There are 2 protein chains.
Amino acid sequence: MPPPSPTSAPSHHPSSLTPPANRLRHALLDMLADKAVGHGARLPSERQMMASFGTTRITLREALTQLEAEGRIYRENRRGWFVSPPRLRYDLLACLPFREMVESQQRRAETYVLEATHRPASARIAARLGIMEGTPVYHIVRARHVDGRPVLYVEHHLRTDCFPGILEHDLETRSLTELYRSHYSIRVSRVSFELCSTVLDERAADALRAASGGPAQRVTRINFDQNGRAIDYDDELWRHDAIALTLSAAPQNGA
Amino acid sequence: MPPPSPTSAPSHHPSSLTPPANRLRHALLDMLADKAVGHGARLPSERQMMASFGTTRITLREALTQLEAEGRIYRENRRGWFVSPPRLRYDLLACLPFREMVESQQRRAETYVLEATHRPASARIAARLGIMEGTPVYHIVRARHVDGRPVLYVEHHLRTDCFPGILEHDLETRSLTELYRSHYSIRVSRVSFELCSTVLDERAADALRAASGGPAQRVTRINFDQNGRAIDYDDELWRHDAIALTLSAAPQNGA
DNA sequence: AAGTGGTCTAGACCACTAT
DNA sequence: TAGTGGTCTAGACCACTTT
């Protein structure tokens, strides 16, 4: 690879066909692949990379942002750039508790409760749960880590009439669906998802040590019990490079 | 916090508490909401906005890129910025043909065939179809538009032994699954998805009048017939602001 | 031909993290 | 306190789209 020609006299280097940003991207890809930069490893500082690749901050950052969008690297707010670990596979219909899902893939799970209160249901939440606006619902907010990296910010909204006193339980260790079954005799018999790609809002970004506005995958989910009643509504925001959603089922068309 | 006095005498405007980029974002949001800028409407040119908001090109572009990531606006390559129409709802298990899905939401569908050939299966494709690497497969590439906007780039890979001569049919008007049934007596009885957020590669970007590297939602799909045999493998790249994936089913856990 | 977005240069200051 | 990423300024040239 040619030395990063210093400012003047770029002369006749062979590889100067591709524009700088793209060359930069490939150079970075080489760095990710060739070296022993394992998953989660930190990249050199931007100023170091700037110097070693001979570019501007802005151009470098564009290349980094591109790789971030591709899901190959990620950043922690004001802390630097890191190599993305392989995506966690999230089987939507397996409905495994988070810990089991993570551990079955030989990875380590942690959960932190950020909030566990009740509050009146907003219009949106009430609509999804089929209750009156203003009815109290339990509001549980958690951050979940994989191998020490915070990747998921969830807000759960539970019908209080279904789960009286559920906030008293240990919500960092136990799975909600397991509590539903063991303490309230409620089983989830149908789930309804909506998925779309967005960005992290400030609260989520905060919990994930990310920059607000970073790329995210939203997974919202409504759980129904054996009587077809909506019992809770979850709003999940994942760091977009951290998961691959999977799904296998029979199609439901009448044809 | 001292007002971020922008160079020359902007005087004493009240809203100078928030940093410029965020103020800009809100100003743009106002523009999207307040005015009669309907879905698909074009935004003013960057230089115009630069002037009217009193910022730099780079700062402006950052705000625009942010709104793009949020799915509120999108860009067409070198043509400008546009207001995103509402997301198309894509029910993964309904398995409706594209045209029906779109038209049932009161929108207009168009399909263009970009390629219809056969070629030896790559290792990845062979693995997904359960065939030997190098076995020929049909390769169909299509671009699909909603209300005149290209939003989906798909590559289909079909087992040639299942669908001899399928390339002779009209692939712009007819749905593949309908052809499977009517001409080959093959029904899709199971589907398997993998979803993740990525970026548009050059070919997809080209077909979607987008910039390569723009945000995208990948949906890959394997269809199985009534005998459990993988019959085709689709790789879909959507403009990420164009869809919301939905899904409703019974969970599959044994518990 | 004019105007647009895409890309790039060469700096700067600030808030925050790490030491 | 030194170094980091986050943000911003003030320009420039090019390829492409549109008129």
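As a basis for the values below, the full set of heavy atoms in this structure was taken, side chains included, without hydrogen atoms, waters or symmetry mates. Just so we're clear, the structure is a prediction, and the values are computed from it rather than from any experiment.
- Taking every side-chain heavy atom of Glu46(B) into account, dG5(C) is the closest of dG5(C), dT9(D), dT4(C).
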Name the pairs: protein N/O against N/O of nucleotides 16-19 of chain D, kept only if under 3.5 Å.
unit_1: dT18(D); atom_1: OP1; unit_2: Arg79(B); atom_2: NH1; d: 2.1

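- The nucleotide whose nearest atom lies closest to any side-chain atom of Glu62(B) is, among dC8(D), dT4(C), dT7(C), dC8(D).
- Between Arg89(A) and Glu194(B) there is a salt bridge, since a side-chain N of the basic residue sits under 4.0 Å from a carboxylate O of the acidic one.
- Here dT17(C) presents its C1' atom at 16 Å from CZ of Arg75(A), a figure rounded to the nearest Å.
- Atom pair Ile58(A):CD1 and dT7(D):P shows a separation of 12 Å (rounding to whole Å applied).
- If you take CH2 of Trp81(A) and C1' of dT17(C), they are 17 Å apart, rounded to a whole angstrom.
- Taking 3.5 Å as the limit, the base of dG5(D) and the side chain of Arg47(A) contain a donor-acceptor pair of atoms between them.
- Across the protein-nucleic acid pair, Arg25(A) atom CZ and dT7(C) atom P stand 13 Å apart, rounded to whole Å.
- Between Thr56(A) and dA10(C), a side-chain N or O to OP1/OP2 separation shorter than 4.0 Å is absent.
- Using a cut-off of 4.0 Å between Lys/Arg side-chain N and Asp/Glu carboxylate O, Asp235(B) and Arg218(B) are scored as salt-bridged.
- A side-chain N or O of Thr111(B) and one of Arg144(B) form a donor-acceptor pair less than 3.5 Å apart.
- Judged as a salt bridge (charged side-chain N to carboxylate O under 4.0 Å, His left out), the pairs with a partner in residues 206-216 of chain A (not counting sequence neighbours) are, in order, Glu76(A)-Arg209(A).
- With hydrogens and angles disregarded, a donor-acceptor distance shorter than 3.5 Å links the side chain of Arg142(B) to the backbone of Leu171(B).
- Computed from coordinates, the Arg57(A) CZ to dC14(C) C1' distance equals 11 Å when rounded to whole Å.
- Listed candidates were dC8(C), dC8(D), dT7(D). Nearest to the side chain of Thr59(A) is dC8(C).
- For the ring-ring contact (aromatic ring centres under 6.0 Å, His included) condition, no pair includes a residue of residues 198-221 of chain A, sequence neighbours left out.
- Taking the six-membered ring where tryptophan is involved, the planes of His145(A) and Tyr112(A) are perpendicular, since the angle between them exceeds 60° and thus also 30°.
- Separating the CD atom of Gln48(A) from the P atom of dT4(D) is a distance of 6 Å, rounded to the nearest angstrom.
- Between the CE atom of Met50(B) and the C1' atom of dC8(D) there is a distance of 13 Å, given to the nearest Å.
- Counting to the nearest Å, the C1' atom of dG5(D) and the OH atom of Tyr74(A) are 15 Å from each other.
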